[in-house]
Amino acid sequence: MPLAYYITDRQTCSSPILQQIQQAIDASVDLIQIREKDLATRPLLELACRALELAKGSQSKILINDRVDIALAGRLDGVQLGHHSVEIGTVRNQLGGMNLMIGASVHSMDEFLQAATQGASFATLGPIFATPSKAAYGPPLGLELLTAVCQRASIPVFALGGIGLENYPSCLAAGAAGVAAIRLFQTPETLDRAVHGIHDFLPTASH
């Protein structure tokens with residue numbers, strides 16, 4: 001079953017962020033990444049711990065962006081690491097005995113292969129489509145590269161960037177293990193439809 005991966009952004013959220021996280025949990029979102037880079041360590045840890053408490057007894061897993069220290073202090077389910085984070089291999093070697101998911105943010109085939117070799121649990125590849133939040137990474141990668149990466153993938157690949165109700169099926173049809181997004185899962189009008197559609201997607205169906 002394909003997975004839904006919600007990345008938080010309280011600056012663009014119309015609801016208080018914990019309320020939105022609760023809605024995502026209620027909608028059966030699989031992974032929730034706390035990505036509030038402007039928060040200081042203590043409030044960020046508090047937010048992550050409260051999110052983890054909300055997720056107890058549900059299928060939702062709570063991850064944090066970049067902050068391995070907070071993932072450990074809060075006993076979170078995982079951490080998402082990017083190009084400027086601590087190297088995946090270093091984290092995996094130091095924490096090999098812990099059941100900590102390590103997500104890798106990648107933007108090319110080479111970055112993906114390196115992340116997989118270093119021990120990432122999964123990767124987000126993007127931006128697949130044009131999106132303002134990922135403009136700094138250059139033009140969108142497109143479905144062709146997504147397909148190529150998925151064909152060589154030994155770990156799950158999540159499509160990221162500019163994904164909405166109209167184009168998530170094409171990402172899953174390309175072989176993505178799931179969809180990662182902010183707006184898609186942070187907008188009440190699309191949250192439930194998106195999660196149900198992703199979970200019910202059939203690769204053999206015509207999309």
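Within the 4.5 Å cutoff, the side chain of L3 has heavy atoms near those of the F158 side chain. Between I88 and V91 the shortest side-chain heavy-atom distance does not fall below 4.5 Å. With a 4.5 Å cut-off on side-chain heavy atoms, I34 and L63 do not count as touching. Looking at V149 and L113, their side chains never come closer than 4.5 Å, going by heavy atoms from C-beta outward. Residues L31 and F122 have side chains in contact (heavy-atom distance under 4.5 Å, counting atoms from C-beta outward). Looking only at side-chain heavy atoms (C-beta outward), P127 and L160 stay at 4.5 Å or farther from each other. The side-chain heavy atoms of L18 and L54, taken from C-beta on, include a pair separated by under 4.5 Å. Side-chain contact check for S28 versus H199: some heavy-atom pair is nearer than 4.5 Å.
Between the N93 side chain and the T90 main chain, no donor and acceptor come within less than 3.5 Å of each other. Remark: the backbone N or O of Q20 is not paired with any side-chain donor or acceptor of Q186 at under 3.5 angstrom. At distances below 3.5 Å, not a single donor-acceptor pair connects side-chain atoms of R35 with backbone N or O atoms of T8. In this structure a side-chain-to-backbone donor-acceptor pair under 3.5 Å is present from S121 to I102. A donor-acceptor pair is defined here as one N or O able to donate and one able to accept, closer than 3.5 Å; no such pair exists between the side chain of T187 and the backbone of T190. Listed for the D30 side chain is no donor-acceptor partner under 3.5 Å among the backbone atoms of S60. E111 places a side-chain N or O within 3.5 Å of a backbone atom of H107 that can act as its donor or acceptor partner.
No more than 12 heavy atoms of other residues, nucleotides or ligands sit less than 6.0 Å from atom CD of Q94. The 12-atom threshold is not exceeded at CD of E144, counting heavy atoms of other residues, nucleotides or ligands nearer than 6.0 Å. Around CZ of R183, the count of heavy atoms belonging to other residues, nucleotides or ligands within 6.0 Å does not exceed 12.
Qualifying side-chain contact (heavy atoms from CB on, under 4.5 Å) partners for T117, counting only residues two or more places apart in sequence or in other chains: none.
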After noting the C-alpha distance and the side-chain angles of D38 and Q11, does the key distance pass the side chain to side chain donor-acceptor pair (under 3.5 Å) rule?
CA-CA 10 Å; D38 63 309; Q11 305 288 1; 3.2 Å; yes

Given V79 and R67, is the side chain to side chain contact (heavy atoms under 4.5 Å, CB included) satisfied, shown in steps?
CA-CA 7 Å; V79 62; R67 297 292 299 271; 5.8 Å; no

I'd like to know whether D66 forms a side chain to side chain donor-acceptor pair (under 3.5 Å) with H84, so could you lay out the CA-CA distance, the side-chain angles of the two residues, the decisive distance to 0.1 Å, and finally the verdict.
CA-CA 9 Å; D66 190 55; H84 299 293; over 6 Å; no

Full working for side chain to side chain donor-acceptor pair (under 3.5 Å) between Q80 and Y5:
CA-CA 12 Å; Q80 181 82 26; Y5 186 4; 2.8 Å; yes

Go through the steps to decide whether Q33 and N65 satisfy the test side chain to side chain donor-acceptor pair (under 3.5 Å), and finish with yes or no.
CA-CA 6 Å; Q33 178 194 149; N65 178 268; 3.0 Å; yes

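Taking OG1 of T124 as the reference point, atom CD1 of I7 lies at 6.5 Å (rounded to 0.5 Å). In this structure, L45 CG and T41 OG1 are separated by 8.5 Å, a value rounded to the nearest 0.5 Å. A distance of 13.0 Å separates CG in N99 from CZ in R75, rounded to the nearest 0.5 Å. Distance CD1/I21 to CG/D26: 12.0 Å, rounded to 0.5 Å. Separation of atoms CG (L145) and OG (S108) is listed at 7.5 Å; rounding is to 0.5 Å. Atom OG in S170 sits 8.0 Å away from atom CG in L172 (nearest 0.5 Å).
The shortest heavy-atom contact between P156 and A177 is CB-CB, 3.7 Å. Listed here is the closest heavy atom pair of V179 and I163: CG1-CG2, 3.6 Å. For the pair F112 and S154, the tightest heavy-atom approach, listed with the atom from each and the gap, is CZ-N, 4.5 Å. Residues V106 and A123 approach most closely at CG2-CB, 4.2 Å, considering heavy atoms.
A salt bridge (Lys or Arg N to Asp or Glu O under 4.0 Å) check over residues 46-64, counting only residues at least two apart or in different chains, returns the pairs E53-K56.
Note: F201 and Y168 fail the aromatic proximity criterion, with ring centroids not under 6.0 Å apart.
Ionic pairing of K37 and D9 is not present here: no N-O contact between side-chain nitrogen and carboxylate oxygen is shorter than 4.0 angstrom.
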